[in-house]
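Data first, discussion second: the structure below is written as structure tokens.
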Amino acid sequence: MTPDNLTRSFDCVIVGAGHGGSQTAAALRQSGFTGSIALIGAEPEIPYDRPSLSKDYLAGKKTFDRMHLRPQDFWGAREVELLLGRHVSAVDPTARTVMTDRGEYFSYGQMVWAAGGDPRKLSCPGSDMAGIFYIRSKADCDALINVLPDAQRIVIIGGGYVGLEAAAVFREIGKDVTLVESLDRVLARVAGEPISRFYENEHRARGVDIRLNSNVASLEGVNGRVSNVILASGGRIAADIVVVGIGIIPSVGPLIAAGAEGANGIDVDPFCRTSLPDIYCIGDCARLKNGAGIRIESVQNATDQATTAAKAICGELRAYDAMPWFWSNQYDLKMQTVGLNFGFDSVVTRGDPVSRSFSVIYLKNGAVLALDCINSPRDYVQGRKLVDSAARIDPAALANTSRQLKEIDLVTS
Amino acid sequence: MATISVRTRDGELHSFEGRVGASLMENIRNGGFDELLAMCGGCLSCATCHVFVEELPASASLPIPSIDETELIEGSDYRQENSRLSCQIPFDETLSGIVIGIAPED
Ligand SMILES: Cc1cc2nc3c(=O)[nH]c(=O)nc-3n(C[C@H](O)[C@H](O)[C@H](O)COP(=O)(O)OP(=O)(O)OC[C@H]3O[C@@H](n4cnc5c(N)ncnc54)[C@H](O)[C@@H]3O)c2cc1C
Ligand code: FES
């Protein structure tokens, strides 16, 4: 690369204009960064609120103009150059440049990789037919919304949060919904069994046909358009459309090709620095090396890591230690999660799931790791403090709803 | 014209024209105040849209907070008598002249 084919040069280039990228730009300015900033994003829209896609936006209850994370003129006012509709396809850490699919080169002083992930695609025979949808971007969601009036029978593949939220929306607008999950319970990767069983019951009570332990063998179609989902067990489910929610693949190809350490996500230290000089990585595609070495997919994580990276770029090294939290809305059920339950060895159910307001508390060696709170914001806010202090509490006391969590005594030992 | 005045964390007061029909949170966000994170996008799940209602026009009243809103606010270390979650307050002409402060970050 020679300098004369460099299109532009920026003090900080941010790749990915989603939750993490946009917050990085805002936080850089808040921290007093005066250099030039480019925010490069593959999607054509200005940064927007992604979680609404499978909730109020899909349901037609929220218009897109109410989902902008910041108003259009915010970016100009903060002197952040938005370069949208461009996909960064290569990174050269020696020349300190990124290249886009338009053939542009941008050089950087510092770079923040905040590219999130692409939906994991079905790979079985027939998965390239028409009528198969994913929900990651506004474009994905719009394509789905466009066909909804002509689709009555919807098969959802994957019982994670996105699949369950979509199921709730589809039932609310009167569609026939079948949800296929390969494991023996929904939300198996993220929540404890009481939460899984609760959501299965709720969805079934509202008419969702949930098929657990069911693998999709292939998709059948007519004239290149999906018409049936064929299960490994031999079962066939008629489908006007199929919606797939089986997780994401972190968008890290160009950075891995450039030599950054990582595989399923880019390895970062507590300041969100990658193994490459002056390149940070945050959000869904970053894997914190310490602790469990996991990626976390949440708005909170992307936003708070953005602030960590922005501060580090401004010379303020503060290790990332924000309290993890997450939410999901399905029907009239509001779930709030605090903490990370990885490695829990026991769970306590606080309250009766039948009342539709209860919490599940995850413990490890007797200390509180995390809570999932259903229609129970009080447990959520009070539980935060227990997670923060890794409180050790007698499980029987945790389960006793006649006392608030903040009133319960710690185990003294 | 319906105005909103926002006191940022540095104590400065900024006034701008609000959009009727949007929530107070959306108005503050649209006004370009990046201190207000409003991480859950207004679905009453996060409390990062916490504000103090410093002044209310004489004839105006705010909707009574729901139990969920009250409980979320109780989790804040900076809770005051006049604390509200701004995503729960629809903005309309009667609120013109309202003065709100952005609460410190928890
Ligand atoms: C339907 C849905 C519902 C969700 N619900 C919730 C919820 O209720 N609560 C919650 O906390 N989280 C939820 N999440 C997760 C949350 O949205 C993500 O964790 C968050 O958006 C991650 O932010 P990010 O910046 O890492 O990635 P993203 O917000 O995905 O942003 C990444 C951006 O980078 C762009 N990009 C990718 N590759 C390139 C490239 N090479 N060049 C340029 N641009 C690129 C992408 O197009 C995208 O715009 C949900 C996600 C989805 C999809
Ligand atoms: S924006 Fe999350 S509670 Fe108001």
Side-chain angles (χ1 to χ4, degrees), chain A residues 19 22-23 25-27 29-30 48-53 55-57 61-63 65-78 298-304 306-307 322-323 325-329 334-338 357 373 375-385 404 406, chain B residues 4 6 8-10 12 14 16-50 65-79 83 85-91 102-106:
Chain A
H19 280 270
S22 60
Q23 176 62 16
R29 290 295 182 231
Q30 279 178 346
Y48 62 87
D49 180 51
R50 199 170 299 286
S52 292
L53 291 178
K55 305 179 181 73
D56 285 355
Y57 184 69
K61 291 182 191 160
K62 201 186 230 179
T63 52
D65 60 328
R66 297 182 63 185
M67 287 158 57
H68 294 159
L69 293 177
R70 303 288 163 203
Q72 173 90 52
D73 57 9
F74 175 88
W75 302 108
R78 293 290 188 288
S298 74
V299 168
Q300 170 278 322
N301 179 68
T303 308
D304 288 333
T307 304
M323 172 71 72
W325 58 267
F326 183 81
W327 75 96
S328 173
N329 300 335
K334 289 176 73 77
M335 193 210 63
Q336 290 164 287
T337 284
V338 58
S357 166
C373 307
N375 287 341
S376 185
R378 174 184 289 172
D379 279 1
Y380 168 73
V381 300
Q382 297 182 5
R384 276 181 95 87
K385 309 228 150 76
Q404 295 189 29
K406 67 177 177 193
Chain B
I4 302 176
V6 172
T8 42
R9 291 183 181 136
D10 57 11
E12 268 183 53
H14 312 260
F16 62 100
E17 189 176 343
R19 180 167 138 200
V20 168
S23 70
L24 215 44
M25 177 280 277
E26 290 168 317
N27 269 298
I28 300 170
R29 201 174 61 180
N30 293 344
F33 299 95
D34 48 8
E35 293 176 343
L36 196 86
L37 286 173
M39 275 199 236
C40 78
C43 71
L44 192 50
S45 299
C46 72
T48 62
C49 64
H50 183 185
S66 64
I67 297 173
D68 285 9
E69 181 182 342
T70 306
E71 293 192 337
L72 272 179
I73 287 175
E74 274 174 16
S76 169
D77 295 338
Y78 303 99
R79 172 173 49 112
S83 283
L85 296 183
S86 55
C87 69
Q88 298 303 301
I89 303 177
F91 182 69
I102 298 179
E105 200 172 344
D106 270 289

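Everything numeric here is computed off the predicted structure, so don't read it as measured data.
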> Which atoms of B:L44 come close to chain A, meaning under 4.5 Å heavy atom to heavy atom: side chain ones, backbone ones, both, or neither?
Replying inline: both
> Can you say whether A:S52 sits under 4.5 Å from chain B via the side chain, the backbone, both, or neither, judging by heavy atoms?
Replying inline: neither
> Taking the six-membered ring for Trp, is the centroid-to-centroid distance between A:H68 and A:F74 below 6.0 Å?
Replying inline: no
> Between B:D77 and chain A, which part of the residue has a heavy atom less than 4.5 Å away: side chain, backbone, both or neither?
Replying inline: side chain
> Could you state the interatomic distance from CE (B:M39) to SG (B:C43), rounded to the nearest 0.5 Å?
Replying inline: 12.5 Å
> Between A:R66 and B:E26, does at least one N-O distance fall below 4.0 Å, as a salt bridge requires?
Replying inline: yes
>> For chain A, which candidate among B:T48, B:T70, B:L72 shows the most heavy-atom pairs at distances under 4.5 Å?
In response: B:L72
>> Less than 4.5 Å to any heavy atom of chain B: does that hold for the side chain of A:A77, its backbone, both, or neither?
In response: neither
> Can you tell which of A:M335, A:Q336, A:R70 has the highest number of heavy-atom pairs within less than 4.5 Å of chain B?
Replying inline: A:R70
> Which atoms of A:F326 come close to chain B, meaning under 4.5 Å heavy atom to heavy atom: side chain ones, backbone ones, both, or neither?
Replying inline: neither
> Atom CD1 of B:I4 and atom CG of B:N27: how far apart are they, to the nearest 0.5 Å?
Replying inline: 3.5 Å
>> Within the 4.5 Å heavy-atom criterion, are B:M25 and B:I89 side-chain neighbours or not?
In response: no
> Using non-hydrogen atoms only, which part of A:D379 is less than 4.5 Å away from chain B: side chain, backbone, both, or neither?
Replying inline: neither
> Step by step, would you call A:K385 with A:K406 a side-chain contact (heavy atoms from CB on, under 4.5 Å)?
Replying inline: CA-CA 8 Å; A:K385 309 228 150 76; A:K406 67 177 177 193; over 6 Å; no
>> So for B:R9, is it side chain, backbone, both, or neither that comes closer than 4.5 Å to the heavy atoms of chain A?
In response: neither
>> Can you tell me which portion of B:I28 sits under 4.5 Å from chain A's heavy atoms? Options are side chain, backbone, both or neither.
In response: neither
>> Please classify the contact between A:R78 and chain B as side chain, backbone, both or neither, with a heavy-atom cut-off of under 4.5 Å.
In response: side chain
> Would you say the ring centroid of A:Y48 lies under 6.0 angstrom from that of A:Y57?
Replying inline: no
> Which atoms of A:Q23 come close to chain B, meaning under 4.5 Å heavy atom to heavy atom: side chain ones, backbone ones, both, or neither?
Replying inline: side chain
> Which pair of non-hydrogen atoms, one from A:N329 and one from B:S45, has the smallest distance, and what is that distance?
Replying inline: OD1-OG, 4.2 Å
> In terms of heavy-atom pairs under 4.5 Å with chain A, which of B:C46, B:S23, B:A22 leads?
Replying inline: B:C46
>> Check this for me, if you would: do B:D34 and B:R29 make a salt bridge, where the nitrogen-to-carboxylate-oxygen distance has to be below 4.0 angstrom?
In response: no
> For A:Q30, is it the side chain, the backbone, both or neither that has a heavy atom under 4.5 Å from a heavy atom of chain B?
Replying inline: side chain
